[in-house]
> 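Here it is, the structure, as structure tokens.
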There are 2 protein chains.
Amino acid sequence: MEKPATIIDIAKALNISPSTVSRALNNHPSISSQTKEQVNELANKLNYHPNLTARNLLKKKSGIIGVVVPEITSYFFSTVITGIQDVVSSVGYKLIISQTNENFDEEKKLIHEMAQMRVEGLLVSPSFNTQGFEHLEDARKAGIPVVLFDRDIPGFESSKVFVDVYDGAYQAVKYLIEAGCQRIAHIAGPEHIPTFQERMSAYQNALKDYNRELYPELIIKSTGFSAEDGVEACEHLLSQSFDALFCVNDAVAIGAMHVLREKGYKIPEDISVIGYDDEPYSCYFSPGLTTIWQPVYDMGMLSSKILLDTITKEKQTIRKEILKPELVLRQSSVPLN
Amino acid sequence: MEKPATIIDIAKALNISPSTVSRALNNHPSISSQTKEQVNELANKLNYHPNLTARNLLKKKSGIIGVVVPEITSYFFSTVITGIQDVVSSVGYKLIISQTNENFDEEKKLIHEMAQMRVEGLLVSPSFNTQGFEHLEDARKAGIPVVLFDRDIPGFESSKVFVDVYDGAYQAVKYLIEAGCQRIAHIAGPEHIPTFQERMSAYQNALKDYNRELYPELIIKSTGFSAEDGVEACEHLLSQSFDALFCVNDAVAIGAMHVLREKGYKIPEDISVIGYDDEPYSCYFSPGLTTIWQPVYDMGMLSSKILLDTITKEKQTIRKEILKPELVLRQSSVPLN
DNA sequence: CTGTTAGCGCCTTCAG
DNA sequence: CTGAAGGCGCTAACAG
């Protein structure tokens with residue numbers, strides 16, 4: 001394990017100056033092709049890798065973009081990240097990815113560290129417990145542009161890319177209403193979480209808009225948003241009668257369907273179920289889960305494109321993009337009459 | 001968007017030397033607490049972030065570990081990465097994560113770039129199309145220790161962390177045999193992929209070991225390993241009669257179950273199904289999918305611990321660890337008699 | 001307790 | 001076409 005070769009090593013060995021080596025390596029026009037050949041050959045032989053740290057110090061750029069997400073194990077975030085990566089790697093950027101685990105302190109720490117690393121831009125989806133945006137403001141003051149995606153921090157002025165959560169939820173409930181469902185239940189997520197709140201108010205407003213009665217007993221606020229939480233919430237719900245169930249996401253819907261089937265309900269004949277997210281496996285349940293698809297990969301691409309724009313053009317224009325979700329009809333919901 | 005403040009800015013403003021500022025910032029003992037206070041206060045006011053690039057150049061370390069995986073959207077790899085991250089972030093390392101998309105050229109390029117970035121270590125799970133290991137050897141020659149995980153490159157000498165794939169598959173088939181299944185089919189993955197080969201030979205050997213006849217017509221080699229591939233493979237298989245089905249992974253098993261149910265087969269009464277991977281949603285199918293669980297998070301933790309060991313201790317000892325998978329019994333397989 | 005000096009590896013003027 | 005010099009921001013001797 002030798003220490004890496006440097007430009008100087010090559011220069012000495014060839015009895016030329018470091019600058020010449022540098023230029024040769026970078027294929028500078030004003031270097032004889034002969035010298036270039038010599039240099040490149042030796043570089044190869046010495047297994048020379050240019051020291052990006054040094055170059056970055058000089059150029060004052062790191063070639064790195066920071067991504068801060070609540071977690072990476074979900075289909076949702078891992079797909080967003082893939083979208084980001086496909087865009088930024090095509091222009092030579094690398095990604096530093098960190099998870100907050102929905103922990104605000106962790107988020108602050110991570111953003112801080114990324115600022116120290118001199119990432120050239122920051123793509124962040126704030127944790128559910130994020131309070132305020134001083135940490136992001138700090139980064140920006142340090143010259144690091146920030147793009148928020150998927151989750152908002154109201155009041156923080158930056159480019160943002162979201163999905164129209166309200167619209168998705170509204171579409172789902174509207175469908176159930178139009179399909180003739182009378183008592184539509186809702187398993188909601190934890191209420192302090194904006195995106196879940198939106199899904200709930202879309203549910204409520206849709207019912208209102210269509211002059212349906214709103215039965216408070218048909219709304220269950222789950223403590224989490226995993227399949228297990230769906231199981232638990234649905235068991236509570238069983239004391240009520242209902243013919244449709246709109247769940248805060250697919251995982252919860254899967255858990256709920258599991259319970260319903262076990263209790264002998266037929267889906268969708270007895271109860272229609274709709275989820276949210278269109279997880280990759282949702283189509284393989286029986287019945288296939290009707291759900292809301294979101295342009296996840298696109299969200300990654302778009303946010304990173306916007307970020308790259310502000311990095312390269314140094315223009316401080318702020319862009320806000322709202323992507324549209326789509327209702328994906330499968331067999332877990334009754335067909336329209 | 002000002003340019004970031006430097007130590008020199010602080011030094012000038014306070015009329016002291018840069019070194020003093022540096023020391024104060026790093027809480028060096030031989031600096032008066034008064035100076036420290038002044039410095040820290042001003043640093044705060046200027047929103048000073050130490051330039052890690054400069055520090056790294058000096059210290060010849062980047063504080064970054066490179067992770068190269070085929071993809072990050074699967075439960076498998078995203079969980080491994082989480083394990084890695086939990087370990088390395090606790091000692092202050094950052095992660096650069098890249099995906100090869102099973103493309104060998106991409107893998108070579110990524111490893112190369114990471115070497116240039118001077119990552120301090122490399123955790124790699126090679127693509128299915130990786131030929132040889134010169135690229136990894138290069139990295140190691142550049143002083144970057146490499147740990148392979150999940151997938152092997154035979155002949156490459158390094159620390160490695162794998163799961164005993166053969167053992168998992170053998171457990172699955174053994175269970176089916178002992179449960180009395182007579183005609184056990186297998187949907188295999190693409191045959192050039194070692195891990196899938198192993199699953200198949202475990203299947204074959206288990207049958208042999210228990211003196212069961214091996215019906216070649218009950219083995220289908222799928223072209224891929226997604227749920228859709230499972231659907232397709234299973235449809236081909238339907239021309240045969242069988243009472244058990246061991247699938248190369250959960251996704252394929254999910255697809256296969258989907259087909260079987262549609263064709264009116266009862267699972268497990270007519271056909272037992274076993275998958276491989278224990279995806280998070282596999283327990284929510286009806287019936288719940290019997291499968292092989294692998295210590296995925298642990299694999300991430302262990303590989304990164306080994307890597308950190310070789311980084312810090314500079315000891316070149318090579319460790320090979322084989323983790324044990326476990327059979328998870330659910331309702332998709334008939335119970336033992 | 002603090003300042004001076006030198007240098008990490010590279011690139012980019014400015015001179016030849 | 002090539003060389004010399006300076007500096008990116010920081011730290012670690014070495015001197016006071």
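Each chain gets a letter, A, B and so on, in the order the sequences are listed, and its residues count up from 1. From a predicted model like this one, the values you see are computed outputs, not experimental measurements.
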> Please tell me if the side chains of B/I144 and B/M114 come closer than 4.5 Å, counting only heavy atoms from C-beta onward.
no
> For the side chain of B/N129 and the backbone of B/F104, is there at least one donor-acceptor N/O pair under 3.5 Å apart?
no
> For A/K320, is the NZ atom crowded, meaning more than 12 foreign heavy atoms sit under 6.0 Å from it?
yes
> When you compare the side chains of B/Y297 and B/D86, does any donor N or O come within less than 3.5 Å of an acceptor on the partner?
yes
> Can you identify which nucleotide, out of D/dG9, D/dA13, D/dG3, has its nearest atom closest to the A/T20 side chain?
D/dG3
> Is there, by distance only and without an angle test, a donor paired with an acceptor across the side chain of A/S19 and the base of D/dA4 below 3.5 Å?
yes
> May I ask you to decide whether B/K94 forms a salt bridge with B/E120, counting only side-chain N to carboxylate O separations under 4.0 Å?
no
> Extract, from 5' to 3' on DNA chain C, the first and final nucleotides lying under 4.0 angstrom from some heavy atom of chain B.
C/dC1 to C/dG9
> Roughly, in whole Å, what's the span from CG in B/N27 to P in D/dA12?
14 Å
> For B/I16 and A/K59, take the nucleotide of DNA chain C holding the closest heavy atom to each; which residue's nucleotide lies nearer the 5' end?
B/I16
> I need the CD1-P distance between A/I8 and D/dA4, as an integer number of Å.
12 Å
> Can you tell me how far apart OG1 (A/T195) and CZ (A/F162) are? Round to the nearest 0.5 Å.
10.5 Å
> Does D/dG3 have its OP1 or OP2 closer than 4.0 Å to a side-chain nitrogen or oxygen of A/S17?
yes
> Rounded to whole angstrom units, what separation is found between the CD1 atom of B/I7 and the C1' atom of D/dC8?
13 Å
> If you find the nucleotide of DNA chain C closest to B/I31 and the one closest to A/Y48, which residue's nucleotide is nearer the 5' end?
B/I31
> Give the rounded distance in Å between these two atoms: CG of A/L58 and C1' of D/dC8.
5 Å
> Which part of the nucleic acid, if any, lies within contact of A/L57, taking any heavy atom under 4.0 Å across all strands shown: a base, the sugar-phosphate backbone alone, or nothing?
base
> Under the side chain to side chain contact (heavy atoms under 4.5 Å, CB included) criterion, do B/L14 and B/T35 qualify, and how do the steps go?
CA-CA 9 Å; B/L14 257 37; B/T35 315; over 6 Å; no
> I need the CG-P distance between B/L52 and D/dC10, as an integer number of Å.
9 Å
> Describe, in one word, how the ring planes of B/F156 and B/F133 are oriented to each other, choosing from parallel (under 30°), tilted (30 to 60°) and perpendicular (over 60°).
tilted
> Once you apply a heavy-atom cut-off of 4.0 Å, does B/P50 come out as touching a base, just sugar-phosphate, or nothing?
sugar-phosphate
> Figure out the CG/P separation between A/N51 and D/dG9, and round it to whole Å.
17 Å
> Rounding to 10°, can you tell me the angle the first-five-pair axis of the helix from C/dC1-D/dG16 to C/dG16-D/dC1 makes with its last-five-pair axis?
50°
> Is there a side-chain contact between B/T53 and the phosphate of D/dC8, meaning an N or O under 4.0 Å from OP1 or OP2?
no
> Within a strict 4.5 Å, meaning less than it, do heavy atoms of the A/H135 and A/D138 side chains meet?
no
> Atom CE of A/M117 to atom C1' of D/dC10: distance rounded to whole Å?
16 Å
> Pick base, sugar-phosphate or nothing for A/N26, based on heavy-atom distances below 4.0 Å to the nucleic acid.
sugar-phosphate
> Considering just the side-chain nitrogens and oxygens of B/S22, establish if one lies under 4.0 Å of OP1 or OP2 belonging to D/dT11.
yes
> Does D/dC8 have its OP1 or OP2 closer than 4.0 Å to a side-chain nitrogen or oxygen of A/K61?
no
> Pair B/F149, B/L302 - check side chain to side chain contact (heavy atoms under 4.5 Å, CB included), show working.
CA-CA 10 Å; B/F149 67 91; B/L302 186 54; over 6 Å; no
> What integer distance in Å separates B/N56:CG from D/dA12:P?
13 Å
